[in-house]
Amino acid sequence: MPYNLDLAVLAVRDYKELLKSQNLLPGRRILRQDIDHNFNVIERQGIANLAQLKKQLAAPQKIVSFAAITGIPADYLTILKREIGSLEQKPVPLASFPDLDGNIVSSLNSRGIKTSREYFESGLAGTDELFCLCDLVRINGVGAVAAKTFYEAGYRSVAEVACAEAAVMLRKVAVVNEARQYYKAKLGLKDMQFCIDFASLLIKYGG
């Protein structure tokens, strides 16, 4: 099971529809402007999936060149590159998970396993708490502390988050955080729905 979404199986036209329905950050809502036209132009360049599009936008020089060829503004393409980049989560250090036994961390470190991705893909476990936490941090915006909160709220896998109802999840997570004081940020329904939507993407396009 891959740690991140498989961008090669996510078609450009499917991604366009996801952007239309996704709760984008304010600075990235520009992506909905002329979205049908822009993505049609992208497809006409022979770009069929997000892996190919990511490669096309990999460097500032490439973005400038692609903008010149397609007529799509470079600013638009730069923001598109950032949004695509958010689909691939950076691994978190195992030591950053709250209350994790230091002996476990040391033992895994001695085997060359230091991050959530390395443990998730190691095949060492599939149901233990650490594996669950490493699964949860695959969700965009979910760090080590949020993953621990989700876990204690009863959401122990990407699959369980994908099936959650935002209001119920928010209530359960708030109860855990009130008791444990894991973080100070005040989460809302949109935050929960964003996690649910991204978890659904992981299930559909990566496992």
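All figures in this text were calculated on a predicted structure; none of them were measured in a lab.
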Side chains of Q193 and D197: any donor to acceptor distance under 3.5 Å? yes
Counting only N and O atoms by type, is there a donor-acceptor contact under 3.5 Å from the side chain of E83 to the main-chain atoms of I79? no
Has the side chain of D135 got a donor or acceptor atom that lies under 3.5 Å from a matching backbone atom of S157? no
Checking the side chain of K148 only, and the main-chain atoms of F97 only, is there a donor and an acceptor separated by less than 3.5 Å? no
Atom CZ of R32 with >12 non-hydrogen neighbours under 6.0 angstrom: yes
Would you call I42 and I72 a side-chain contact if the rule is heavy atoms closer than 4.5 Å? yes
Using every non-hydrogen atom in the two residues, find where Y76 and L31 come nearest and quote the distance to one decimal. OH-O, 2.6 Å
Has the side chain of E165 got a donor or acceptor atom that lies under 3.5 Å from a matching backbone atom of A167? yes
Is a donor on one side and an acceptor on the other found under 3.5 Å between the side chain of D34 and the backbone of H37? no
Reported CG-to-CG distance for the pair D6 and L50, which is rounded to 0.5 angstrom: 10.5 Å
Spacing of CD belonging to Q89 relative to CG belonging to L202, to within rounding of 0.5 Å: 8.0 Å
More than 12 non-hydrogen atoms from neighbouring residues, nucleotides or ligands closer than 6.0 Å to CD on E178, yes or no? no
Smallest heavy-atom separation, E43 atom then V12 atom, equals CG-CG1, 3.9 Å
Drop me the distance from E88's CD to L5's CG, to the nearest 0.5 angstrom. 7.5 Å
Heavy-atom count check: over 12 atoms from other residues, nucleotides or ligands less than 6.0 Å from K20 NZ? yes
Decide yes or no for L136 and S116: does some side-chain heavy atom of the first lie under 4.5 Å from some side-chain heavy atom of the second? no
Check whether more than 12 heavy atoms from other residues, nucleotides or ligands sit under 6.0 Å from atom NZ of K81, and answer yes or no. yes
Beyond-backbone contact of L124 with L108, side-chain heavy atoms, under 4.5 angstrom: yes
Residues R180, D99: salt bridge by 4.0 Å N-O rule: yes
Does T70 reach the main-chain N or O of F66 with its side chain, forming a donor-acceptor pair under 3.5 Å? yes
Any donor-acceptor N/O pair, T78 side chain to A74 backbone, under 3.5 Å: yes
Within a radius of less than 6.0 Å around CZ of R29, do more than 12 heavy atoms belonging to other residues, nucleotides or ligands occur? yes
Supply the atom-to-atom distance D191 CG to M169 CE, rounded to the nearest 0.5 angstrom. 10.5 Å
For the pair R138 (side chain) and Y3 (backbone), establish whether a donor and an acceptor sit closer than 3.5 Å, ignoring hydrogens and angles. yes
Taking atom NZ as the centre, does K16 end up with more than 12 heavy-atom neighbours from other residues, nucleotides or ligands that are less than 6.0 angstrom away? yes
Between N177 (side chain) and A174 (backbone), is there a donor-acceptor pair under 3.5 Å? no
Rounded to the nearest 0.5 Å, how far does CG of L87 lie from CZ of F198? 5.5 Å
The test is side-chain contact (heavy atoms from CB on, under 4.5 Å); show your working for V176 and K172 and say whether it passes. CA-CA 6 Å; V176 170; K172 290 182 177 180; 5.9 Å; no
Does L10 offer a backbone N or O that forms a donor-acceptor pair with the side chain of D14 under 3.5 Å? no
Does one side chain, of N4 or Y205, offer a donor that lies under 3.5 Å from an acceptor on the other? no
Applying side-chain contact (heavy atoms from CB on, under 4.5 Å) to F39 and R13, what does each step give before you reach the verdict? CA-CA 7 Å; F39 274 75; R13 63 185 60 186; over 6 Å; no
